[in-house]
Each structure stands twice: as C-alpha cells, then as structure tokens.
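Being a predicted model, the structure only gives us computed values, none of them experimental. Only heavy atoms go into these numbers, but all of them, side chains included; no hydrogens, no water, no symmetry mates.
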Amino acid sequence: MSDKLAFQFKMQTKMLERQAATHDKQEKVERDKVKKALMKGNIEAAKIHAENAIRHHSESLNCKRMAARVDGVQARVANSAAQRQMAGSLKQTVSLMSKVTANMPLTETSKLMDSLEKNFEDLEVKTKVMDDAMQNATSVQQPVDQVTNLMQEMADEAGIELNLNIPAAPAMGTSVALKEQDELSQRLAKLRET
C-alpha cells in the first residue's frame, strides 16, 4: 500500500516539475517579447510582457516549491514504511537478545544497548536535518519591483535608454531571483539523492 502511495507522490512530483519547466520556457519567451517591445519603443506592451514574465517565473517557483513538498511527503511515506519494517525486525531482535543476554555478561549487553540508542539518535538527527531543509526550500522571497527591474534589465540588454521616470533598477534584481531558483533546484536534487 505504501509503495502505491509513494508511486503516486512520485508521479505528482514529475507533473509539477514538467509544469515548472513549461513556465520557465514561457518566461523566456515573454522576456524576449519585453526586449522586442522596448526596441520598438512600445513601453505599454513591454510592461504587459514583463508582468507575464514575472507571473510565469512565480508560477515556476510555486510548482518547484510544491514538487519539493510532495517529494518530502513521499520521503516521509517511504520512511514510515521503513520504520514499520524496522519494528518487525526489532521484535525478532528483542527475542534473540533475550536468549543471548541470558548467557551474556551485563557489560556487553550495556554496550549493545548504547550502540542501539546511538543509532536511533543518528536517525532522529538525519530526520530533523531533512525536515529543516524542506522548510528552508519553501521559503523564497520575491523582489519588490519585479516588473520595473525586468524592464530595466531587458532595456540594458537591448542597449536602450529608458527615461520614463522608472527608477534605475539594479541589474542583479532578476539574477538574484534566478539564483534563488537555481538554489531551490539544487536542494531538490540533493533531497532526492538521500
């Protein structure tokens, strides 16, 4: 049952990743349209395309966030199944330990139990690290004046001077958002490896 559920979560993750890729492509198309509109001097069209590019970028990030969350749930389902399996193994281990400890000195039993407790602590630490990583992967902030920044960036790429009372936006505004998107993709890939 948990294998079937894990498979469904995996399919949902793939679907969300495909949607994110589609939005990434649409964002690039809209960014090109911004540049073309600016080269023609059509500021209103450039603004509309910039808004569309920002929307596609946000949708892509939302899809990636949701894919990361679904992937995290899938990992928890798999972890739950593994814990159930481990519980069954522990029952066998306990029965064997009771037979062995009857003939074993108390110090060796104590060492064995300490080792078992350390393994459980390591498992708890790894689970906490994974939960923290999932929480951090879903907290991405957006720049304040995205449309203005994108229009300024496209104008700079096209070599066009914008004199529309648009404050000079740092060219790094959109590159910071792209860097955040890359970091999110890298975190997602690392989570899948573990």
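The line from CZ of Arg55 to CD of Gln26 is 8.5 Å long, rounded to the nearest 0.5 Å. How far NZ of Lys35 is from CD of Glu153: 9.0 Å, rounded to the nearest 0.5 Å. Once rounded to the nearest 0.5 Å, the distance linking CD1 of Ile48 with CD1 of Ile43 reads 12.0 Å. Interatomic distance, CG of Asn42 versus NZ of Lys33, reported as 13.0 Å (0.5 Å rounding). Atoms NZ and CD, on Lys47 and Glu44 in that order, are 6.0 Å from each other to the nearest 0.5 Å. In this structure, SG on Cys63 lies 5.5 Å from CG on Leu16, to the nearest 0.5 angstrom.
Legend: residues meeting side chain to side chain donor-acceptor pair (under 3.5 Å) with Asn62, ordered by chain and number and at least two apart, are Arg65.
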Could you walk me through whether Arg18 and Met15 pass the side-chain contact (heavy atoms from CB on, under 4.5 Å) test, one step at a time? CA-CA 5 Å; Arg18 282 192 299 270; Met15 182 190 71; 4.0 Å; yes
Carefully, step by step, assess Lys28 and Asp32 under the rule side-chain contact (heavy atoms from CB on, under 4.5 Å). CA-CA 6 Å; Lys28 184 176 181 340; Asp32 290 340; 3.7 Å; yes
Working note: His56 + Glu30, criterion side-chain contact (heavy atoms from CB on, under 4.5 Å); need CA distance, chi angles, decisive distance, verdict. CA-CA 9 Å; His56 283 295; Glu30 291 294 332; 4.1 Å; yes
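Under a 3.5 Å cut-off, the side chain of Thr13 and the backbone N or O of Phe9 do form a donor-acceptor pair.
Note on Asp24 versus Lys64: salt bridge recorded, some NZ/NE/NH1/NH2 to OD/OE distance being below 4.0 Å.
Under a hydrophobic clustering in which Ile, Leu, Val, Met, Phe, Trp and Tyr are joined whenever their side-chain heavy atoms come within less than 4.5 Å, directly or via other members, Val34 and Val29 fall into different clusters.
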